[in-house]
Novice: 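Could you have a look at this structure, given as structure tokens, before my questions?
Just so it is clear, the model here is predicted, and its values are computed rather than measured. Residue numbers start from 1 in every chain, and the chains themselves are labelled A, B, ... in the order their sequence lines are given, proteins ahead of strands.
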2 protein chains.
Amino acid sequence: MKRTTIIDIARSLGITPSTVSRALAGNLRVSESTRKRVQEKALEMGYQPNIVASSLRRGKSDTIGMLVPRINRHFFSHVISAVEEILNPAGYNLLICQSHEKSELENQALQVLLKNRVAGIIMSHAMETVDFEMARKATEERVPVVQFDRVNKEVPGPRIVNDNFSGAYMAVKHLIRGGYSRIAHLTGSLGVNVYSERHRGYRYAMEEASLDFDELVFEGAITRETGYEKALQLVKQHRVDAFFCAGDFASVGTIQAIHDCGLRVPEDMGVVGFANEPFAGFITPQLTTVEQNAYDMGHRAANALIRVIGGQIMTGMDQEEVVPVRLLVRESSMRATVNNK
Amino acid sequence: MKRTTIIDIARSLGITPSTVSRALAGNLRVSESTRKRVQEKALEMGYQPNIVASSLRRGKSDTIGMLVPRINRHFFSHVISAVEEILNPAGYNLLICQSHEKSELENQALQVLLKNRVAGIIMSHAMETVDFEMARKATEERVPVVQFDRVNKEVPGPRIVNDNFSGAYMAVKHLIRGGYSRIAHLTGSLGVNVYSERHRGYRYAMEEASLDFDELVFEGAITRETGYEKALQLVKQHRVDAFFCAGDFASVGTIQAIHDCGLRVPEDMGVVGFANEPFAGFITPQLTTVEQNAYDMGHRAANALIRVIGGQIMTGMDQEEVVPVRLLVRESSMRATVNNK
DNA sequence: GTTTTTTGTGCAATCGTTTGTATTTTTGTA
DNA sequence: TACAAAAATACAAACGATTGCACAAAAAAC
């Protein structure tokens with residue numbers, strides 16, 4: 001059986017669809033009595049408005065596109081959740097796509113979102129992405145784009161980023177205070193803003209303390225496995241006494257490597273991670289890391305998008321919002337009686 | 001500037017929109033030459049088909065609704081990811097909603113999905129939900145529903161569930177083999193299929209070994225906090241020597257409680273969890289737990305939905321698919337030299 | 001009691017595609 | 001050259017809601 005439409009309701013009440021439409025929309029130009037009748041009838045017939053038709057006619061949809069590298073990453077899934085928390089009450093729904101860290105899939109996903117005529121896009125780029133043309137095109141087609149975490153300035157619109165610089169700076173400074181000095185930095189591609197900023201923070205802290213860091217920075221060591229390998233190599237060479245990893249997974253691999261070399265954390269070597277993955281507080285030793293507030297970020301991104309859609313921010317004027325981070329000092333870096341700040 | 005439509009393309013080529021539509025759809029009734037011309041023009045004008053209009057006309061959308069209690073749960077986010085892996089290549093997109101474990105929000109979300117005329121729904125119920133009317137209504141409105149993990153037989157259509165019974169049975173049997181006998185079971189609401197099945201497995205194993213379990217089953221102890229409290233109480237009363245928790249979070253709380261009482265895991269008390277949360281292999285002691293394959297489940301759910309949409313499964317005929325689970329034996333339960341099976 | 005204003009509805013076009021049917025053009029054949 | 005068959009394209013009506021405008025009825029003003 002067909003779904004009931006406003007036409008069905010109209011017919012069964014002997015009025016026109018336009019009146020039904022207005023009645024359901026709560027338009028004041030329709031009398032109280034018919035509004036009641038329409039609402040009752042709609043309920044009785046189990047009417048569900050057809051958003052598709054409505055969107056087409058209104059020329060705008062209530063769907064927001066969300067594009068992330070991977071839904072199943074702790075950080076991203078929490079951002080999504082936070083975005084939804086803001087956008088749902090505001091009457092929007094989320095069409096979610098993953099890029100799987102591939103530029104090609106990212107572009108495809110953007111196309112899909114545009115084809116679906118989303119009212120706006122909240123996205124974080126794939127690591128691989130260097131060409132941001134597609135995202136720019138979206139804004140040119142009047143679809144506002146809000147970037148978060150992995151952002152690029154070539155794309156107009158608000159950007160919400162973590163305070164990666166300060167987080168890294170605090171982390172490294174904390175290690176230095178703890179008496180570590182040959183601090184290696186394992187990180188991802190420095191072409192990605194997230195990692196370049198953390199790298200900047202690392203350098204700043206090292207330079208400030210007049211410590212040498214040439215040949216102590218290693219790109220492409222961000223997973224547990226690659227972290228393990230690089231750390232194993234460095235520890236064996238006796239070149240370092242601490243690690244600042246740009247991610248917690250690499251930190252886990254690093255700790256493993258240190259243990260496998262018969263050394264202790266933090267007594268022999270300190271380790272600090274980044275992200276505060278859920279396991280960071282559980283592992284042995286508990287991992288000192290930089291906490292990034294995914295909820296805060298999601299809320300900000302959603303609110304920024306709402307402002308852009310509402311015309312409160314001009315498309316041209318792009319702005320960056322920085323979400324504060326926190327250094328969580330735990331066992332993996334507490335060699336001595338160290339001051340937490 | 002307005003987005004280009006097939007009408008624009010038609011005009012600029014001196015043909016009709018219908019021909020353009022057919023050309024882009026690859027319809028064989030349009031000549032090779034015009035098809036080429038249309039495709040080129042479309043590319044040149046940056047044409048993006050309007051899926052909204054298309055959906056309206058075709059009476060069906062390419063969007064699948066996905067409804068989960070919480071996106072940011074490890075298990076659910078992985079299922080989502082797996083579903084997307086299957087559905088994306090098949091030309092579908094995912095509209096994702098969360099119920100936040102609330103029946104009311106679950107129903108609202110279902111309404112939203114129906115209003116958006118999704119082609120199908122893949123869902124897992126909120127713990128709270130006891131009234132499944134809304135999900136039934138969806139199938140009555142010809143929107144196929146596939147349930148996974150938290151399912152209910154009142155709702156027609158495929159159900160994909162973990163082998164909770166066997167998982168629990170294996171877990172408890174493993175504890176018994178290890179020499180534990182006063183095994184408590186901390187779990188969630190037994191009104192939820194997931195927990196009732198695990199409970200059944202627990203009972204079966206206990207009965208099989210002629211062990212007493214009256215007053216050893218506790219509902220409402222599923223979080224880290226509630227798990228901690230209940231465990232603390234039981235340990236202090238010297239009533240138990242092992243715990244089978246229906247979730248890993250409760251297991252973490254339990255281990256904490258045992259430690260806080262000055263006892264050791266697994267020497268004094270054994271602990272087995274359920275889910276294999278990402279931290280399970282990292283914590284100390286490493287947690288023995290039942291691994292549920294979220295990817296497998298997602299793939300099956302997506303494929304089931306595709307089959308229903310394709311008419312390969314009658315709506316009436318409901319079927320349950322059981323995803324196998326695996327017991328991962330780790331430190332938290334290995335008191336003696338135990339056989340892993 | 002007439003005119004003006006207000007209020008409530010109806011009419012009809014529109015959003016951008018799709019698709020059944022009609023029409024034109026092309027091709028093949030006698 | 002004519003004519004049927006086949007191929008390519010055009011026409012027009014949907015899909016279901018929204019909305020500017022017209023219009024009737026009721027209320028208010030004179």
Side-chain angles (χ1 to χ4, degrees), chain A residues 1-39 41-42 45-63 91 114-119 141-143, chain B residues 1-39 41-42 45-63 91 114-119 141-143:
Chain A
M1 63 192 85
K2 254 179 73 278
R3 309 264 259 274
T4 69
T5 72
I6 54 168
I7 301 181
D8 301 325
I9 298 177
R11 237 194 306 262
S12 83
L13 285 174
I15 55 178
T16 48
S18 47
T19 304
V20 175
S21 173
R22 279 189 263 255
L24 292 172
N27 191 311
L28 293 173
R29 288 186 46 189
V30 41
S31 72
E32 184 65 31
S33 63
T34 54
R35 203 183 314 164
K36 268 272 159 54
R37 288 198 304 148
V38 169
Q39 281 166 348
K41 203 65 175 180
M45 301 178 76
Y47 171 72
Q48 296 277 13
N50 187 331
I51 299 269
V52 178
S54 170
S55 299
L56 176 58
R57 173 60 234 245
R58 286 177 9 243
K60 48 170 56 189
S61 88
D62 305 320
T63 310
L114 292 179
K115 284 196 282 194
N116 276 278
R117 298 296 189 267
V118 293
E141 299 215 4
R142 306 271 208 79
V143 180
Chain B
M1 63 191 88
K2 254 178 75 278
R3 309 263 259 274
T4 69
T5 72
I6 53 170
I7 301 181
D8 301 326
I9 297 177
R11 238 195 305 263
S12 82
L13 285 174
I15 56 177
T16 48
S18 47
T19 304
V20 174
S21 173
R22 279 190 257 257
L24 291 172
N27 190 312
L28 294 172
R29 289 184 45 189
V30 40
S31 71
E32 184 65 31
S33 64
T34 54
R35 204 183 313 164
K36 268 272 159 53
R37 289 198 303 148
V38 167
Q39 282 166 347
K41 202 67 175 179
M45 301 179 76
Y47 170 73
Q48 295 277 15
N50 187 332
I51 299 270
V52 177
S54 171
S55 298
L56 175 60
R57 173 59 234 242
R58 287 176 10 241
K60 48 171 56 188
S61 87
D62 305 321
T63 311
L114 293 179
K115 285 197 281 194
N116 276 279
R117 297 297 189 266
V118 293
E141 299 215 4
R142 305 271 209 77
V143 180

Novice: Without decimals, in angstroms, what is the distance between B:Asn27 CG and D:dA7 C1'?
Specialist: 12 Å
Novice: What integer distance in Å separates B:Leu56:CG from D:dA13:P?
Specialist: 17 Å
Novice: Which residue, B:Thr19 or A:Gly14, contacts DNA chain C at a nucleotide closer to its 5' end, judged by nearest heavy atom?
Specialist: A:Gly14
Novice: Any N or O donor-acceptor pair under 3.5 Å from the base of D:dA7 to the side chain of B:Arg29?
Specialist: no
Novice: Hey, what do you get for CD1 (A:Ile51) to CZ (A:Arg58), rounding to the nearest 0.5 Å?
Specialist: 7.0 Å
Novice: Rounded off to whole Å, could you give me the CG-to-C1' distance for the A:Leu24 and D:dT18 pair?
Specialist: 12 Å
Novice: Work out which heavy atom in B:Val143 is nearest to a heavy atom in A:Arg3; give both atom names and the distance.
Specialist: CG2-NH1, 3.9 Å
Novice: Whether the B:Ser21 and B:Ser18 side chains hold a donor-acceptor pair (N or O, under 3.5 Å, no angle test) is what I'd like checked.
Specialist: no
Novice: For A:Arg11 and D:dA17, what is the distance between atoms CZ and P respectively, to the nearest whole Å?
Specialist: 12 Å
Novice: When the nearest nucleotide of DNA chain D is assigned to B:Val30 and to B:Arg117 on a heavy-atom basis, which residue is associated with the more 5' position?
Specialist: B:Val30
Novice: Rounded to the nearest Å, what distance is computed from the CZ atom of residue A:Arg22 to the P atom of nucleotide D:dA22?
Specialist: 14 Å
Novice: With A:Lys41 as reference, evaluate A:Thr4, A:Ile15, A:Ile9, A:Asp8 under the side chain to side chain contact (heavy atoms under 4.5 Å, CB included) test and give the passing residue.
Specialist: A:Ile9
Novice: Contact class for B:Thr16 vs. all strands (heavy atom < 4.0 Å): base, sugar-phosphate, or nothing?
Specialist: base
Novice: Between atom NZ in A:Lys60 and atom P in D:dT18, what is the gap in whole Å?
Specialist: 14 Å
Novice: Indicate, with a heavy-atom threshold strictly under 4.0 Å, whether A:Ile15 touches base, sugar-phosphate, or nothing.
Specialist: sugar-phosphate
Novice: Nearest heavy-atom pair of A:Ser61 and A:Ala119: which atoms, and what distance?
Specialist: O-CB, 3.3 Å
Novice: In whole angstrom, give the distance that lies between atom CZ of A:Arg58 and atom C1' of D:dG16.
Specialist: 13 Å
Novice: If the cut-off is 4.0 Å, is A:Thr5 near the phosphate of D:dC15, judged by side-chain N/O to OP1 or OP2?
Specialist: no
Novice: Taking 4.0 Å as the cut-off, does a side-chain nitrogen or oxygen of A:Ser18 come that near to OP1 or OP2 on D:dA17?
Specialist: no
Novice: Find the distance between CG (B:Asn50) and NZ (A:Lys115) and round it off to the nearest 0.5 Å.
Specialist: 11.5 Å
Novice: Which heavy atom of B:Ser12 sits nearest a heavy atom of B:Met45, and at what distance?
Specialist: OG-SD, 4.0 Å
Novice: First and last nucleotide of DNA chain C in contact with chain A, 5' to 3', at under 4.0 Å to a heavy atom: what are they?
Specialist: C:dG8 to C:dG16
Novice: Measure CD/A:Gln48 against C1'/D:dA17 and give the value in whole Å, please.
Specialist: 15 Å
Novice: Just to be sure I understand the rule, does B:Ser55 reach a base, reach only the sugar-phosphate, or reach nothing, if contact means heavy atoms closer than 4.0 Å?
Specialist: nothing
Novice: Mind checking B:Ser21 for me? I need base, sugar-phosphate or nothing, with any heavy atom below 4.0 Å counting as a touch.
Specialist: base
